Engineer: 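I'd like to ask some things about the structure below.
Order of listing sets the numbers, starting from 1, for every ligand and every atom in it. Positions are given from 1, in the same order as the sequence printed here. Keep in mind that this is a model prediction, so the values were computed, not measured.
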Amino acid sequence: MGEDSSLIPNCTGITPLEQALSSPYFQYYEHLRAQLCTYLSPASIEKIDHCFFVADFAHRDQKRASGEPYIIHPIAVATVIAQLHLDVDSIEAALLHDVVEDTQITALMLEKEFGTTVMELVQGVTKLDKLRFQDYQEAQMENFRKMILAMTKDIRVILVKLADRTHNMRTLGALRPDKRVRIAKETLEVFVPIANRLGITEIRTELEELCLASIYPMRYRVLKAAVTRARNNRKEVVSSIKTAIIDRLKESGIDAKVYGREKRLYSIYRKMVNKELKFSDIMDVYGFRIILKDVDTCYRVLGQMHNLFKPRPNGFKDYIAIPKLNGYQSLHTSLIGPHGIPIEIQIRTEFMDQMAARGIAAHWAYKENGSKYVSTTSQKNAQDWIKNLIDLQQSAGSSMEFVENVKTDLFPDSIFVFTPDGTIYNLPKGATPVDFAYALHTDIGHHCIGARVNHRAFPLSRSLHSGESIEIITSSTACPNAIWLSTVVTSRARSSIRQYLKGLRSKECQLIGRRLLQNALKPDRIESLTDDKIALILSNFKEKTIEDLYTDIAMGNILTVSVIKFLDPNSHRHHELPVKGTGGMPFTYAQCCMPIPGDEIIAHLAQGRGIVIHNINCKNLRSSEKGPGKTLDVFWNIQVTANMEFKTGLVVELENRQGILSEVSNAIDVAGARIESINSDIKDEKNFIMTLIITVRDTDHLDKVIEHIKTVPNVTNIYRRK
Ligand code: MN
């Protein structure tokens with residue numbers, strides 16, 4: 001052990017299939033392999049053969065709780081993933097998902113052997129495995145689910161995790177009863193809602209069934225026996241109604257698949273608990289599903305069913321026009337059958353049926369001849385999904401709420417972090433340890449002197465990330481630092497700090513201000529400033545005495561950098577920032593005008609928000625705010641910005657028609673820009689106004705993007721967001 005070469009065996013000279021065949025456990029892999037051969041190319045199968053070989057080698061001496069060889073587990077997880085018809089990367093990640101955690105193989109080795117995407121997927125799953133759910137109260141569960149989504153840049157990580165959990169739930173029997181119940185509860189509270197949110201019904205329903213069986217084994221057995229009995233009694237009625245439906249469709253010459261639909265045990269159980277229905281009330285309803293070619297036929301068939309059986313008042317739901325939040329589409333109708341038998345029919349297209357079963361996973365499905373199918377970054381994947389939803393939404397013409405919800409899930413504006421004892425806090429993106437300290441308690445904020453993140457020292461000014469655990473170090477003699485005002489993002493922290501500074505006796509305030517200025521002046525000393533220079537500073541900043549200047553610095557009314565800048569307009573203390581002239585102070589880009597290289601810019605010293613870079617023509621910056629001490633002249637540092645991307649806002653007005661939104665996003669892709677977020681508003685009956693936040697390199701790049709968007713038919717107007 002220890003030498004890398006012994007961990008991933010050398011297998012030059014033998015084909016991937018020969019490698020796989022050399023494993024004593026090939027028999028377990030054979031079935032998965034056959035399944036993959038039905039939808040993946042021979043080249044992909046070769047990659048997966050090699051992957052199985054490596055995973056098997058790595059887990060060779062490990063056993064599951066059941067005593068079986070460990071490799072059975074990754075193979076089963078990959079099989080669930082294969083049932084969703086996911087791409088090669090997902091299958092490889094499924095086979096390797098426990099390798100980094102449980103064997104000597106490192107992420108680096110995985111990257112070398114299988115590429116960055118597979119390595120990142122495996123690492124994502126490993127990271128989720130480290131979260132401990134069981135300690136949390138129900139009230140925290142919603143936050144927890146959001147955090148999982150926020151931590152996951154690539155949804156495929158969650159799909160592998162869901163598959164992992166599915167197999168673990170199937171094999172729960174090997175564990176102690178108390179452990180079984182704990183895992184089942186966690187599954188029901190965390191993973192089932194996520195599967196539901198992503199629309200992956202196949203996995204969700206299986207997990208629900210398994211959870212019910214583990215948490216309430218007695219109820220499950222009784223219910224199961226009752227359902228089996230009832231199903232047998234129903235057989236004749238089901239087949240006669242089914243025949244009636246099929247005959248009617250045949251008469252009209254409509255091609256359709258008709259299924260008798262059996263309710264899941266878990267859904268029967270929920271209905272009995274929640275709606276206090278009797279078992280017989282639920283089982284007496286006969287469910288059917290009709291799958292058709294296109295949407296028009298769905299509505300036609302709906303009419304025919306209403307003609308065949310009498311519809312129940314208020315028994316109709318149109319989820320085609322108004323999809324459910326997870327993208328589910330179908331027509332639902334309740335009818336009264338022969339002898340008053342209650343009937344429920346779901347009517348949908350083939351595509352909607354796929355979506356209903358696989359949800360988001362349907363979008364990663366491997367396409368043999370998919371011309372445009374690329375699975376580069378997660379961002380791209382998420383965008384593809386959103387694109388799809390927008391079109392879905394648009395063809396349905398219903399409210400934008402749907403897209404809004406999905407957007408907040410995939411581009412969250414929040415981060416979720418822990419206290420050392422595991423309580424979850426929800427903070428805005430960009431929050432620092434100081435924000436966190438004030439979120440805990442004002443006193444903790446006031447006295448904080450440092451932070452440890454994931455047990456390591458962490459600067460108070462740096463942004464936190466989802467999933468991190470934060471410990472605040474306090475000292476009873478410490479007090480808030482005015483400089484924090486330039487890095488905190490929560491209004492709670494900001495106002496607490498300002499409140500404190502205001503309350504300071506002027507003497508202390510002056511001391512703090514003096515210390516701040518001295519820090520900024522380094523290595524020069526305040527004492528070495530000549531009286532003339534000081535007089536100049538005072539008149540420039542309209543201060544009577546140097547003590548007043550110190551006080552304003554402490555209060556955050558004047559930033560030290562503008563004093564330094566005044567003293568030495570050519571000071572270039574830091575060269576590596578994309579904007580020159582801020583004296584190395586941290587800054588942010590204004591959200592109103594979102595400047596990009598090529599724009600003329602100005603730095604504004606916003607009260608309590610530090611330095612903000614605006615477009616020089618920004619309307620939000622009134623002329624009164626452009627006075628001395630309030631603004632700095634700044635310039636783009638072209639050497640640095642050349643390799644960077646910047647966010648900016650674009651408004652596109654367009655005439656509503658099928659597919660136009662995906663054509664617009666496509667045009668943006670082709671121009672090499674990325675969409676960060678989309679908002680749309682209805683202008684009038686025919687027209688939409690879409691506000692996009694996109695990332696571009698500079699104004700030239702933006703012009704190119706605009707040119708591309710203009711080529712999309714029915715785009716009526718396009719301009720920079722002001
Ligand atoms: Mn696992």
Engineer: For K185, enumerate each residue passing the side-chain contact (heavy atoms from CB on, under 4.5 Å) test, keeping only those at least two apart in sequence or located in another chain.
Structural biologist: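 Applying side-chain contact (heavy atoms from CB on, under 4.5 Å) to K185 gives V181, I215.
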
Engineer: Ignoring hydrogens and angles, state whether a donor on the side chain of H465 or E468 is under 3.5 Å from an acceptor on the partner side chain.
Structural biologist: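 E468 and H465 do not have a side-chain donor-acceptor pair below 3.5 Å.
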
Engineer: So does R182 pair up with D178, basic N to acidic O under 4.0 Å?
Structural biologist: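 Judged by the 4.0 Å cut-off on N to carboxylate O distance, R182 and D178 do not form a salt bridge.
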
Engineer: Give me the number of protein N, O or S atoms whose distance to the Mn ion (ligand 1) is under 2.8 Å.
Structural biologist: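 Excluding waters, the total comes to 4.
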
Engineer: Ring centres under 6.0 Å, that's the criterion: do F288 and Y259 meet it?
Structural biologist: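 When the ring centroids of F288 and Y259 are compared, they turn out to be at least 6.0 Å apart.
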
Engineer: Could you list the donor-acceptor pairs under 3.5 angstrom formed by side chains in residues 105-113, with sequence neighbours left out?
Structural biologist:
unit_1	atom_1	unit_2	atom_2	d
T106	OG1	M109	N	3.3
E111	OE2	T116	OG1	2.9
E113	OE2	H50	NE2	2.8

Engineer: My understanding is that only residues two or more places apart in sequence, or in another chain, count here; which of them pass salt bridge (charged side-chain N to carboxylate O under 4.0 Å, His left out) with R456?
Structural biologist: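 R456 satisfies salt bridge (charged side-chain N to carboxylate O under 4.0 Å, His left out) with no residue once adjacent residues are dropped.
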
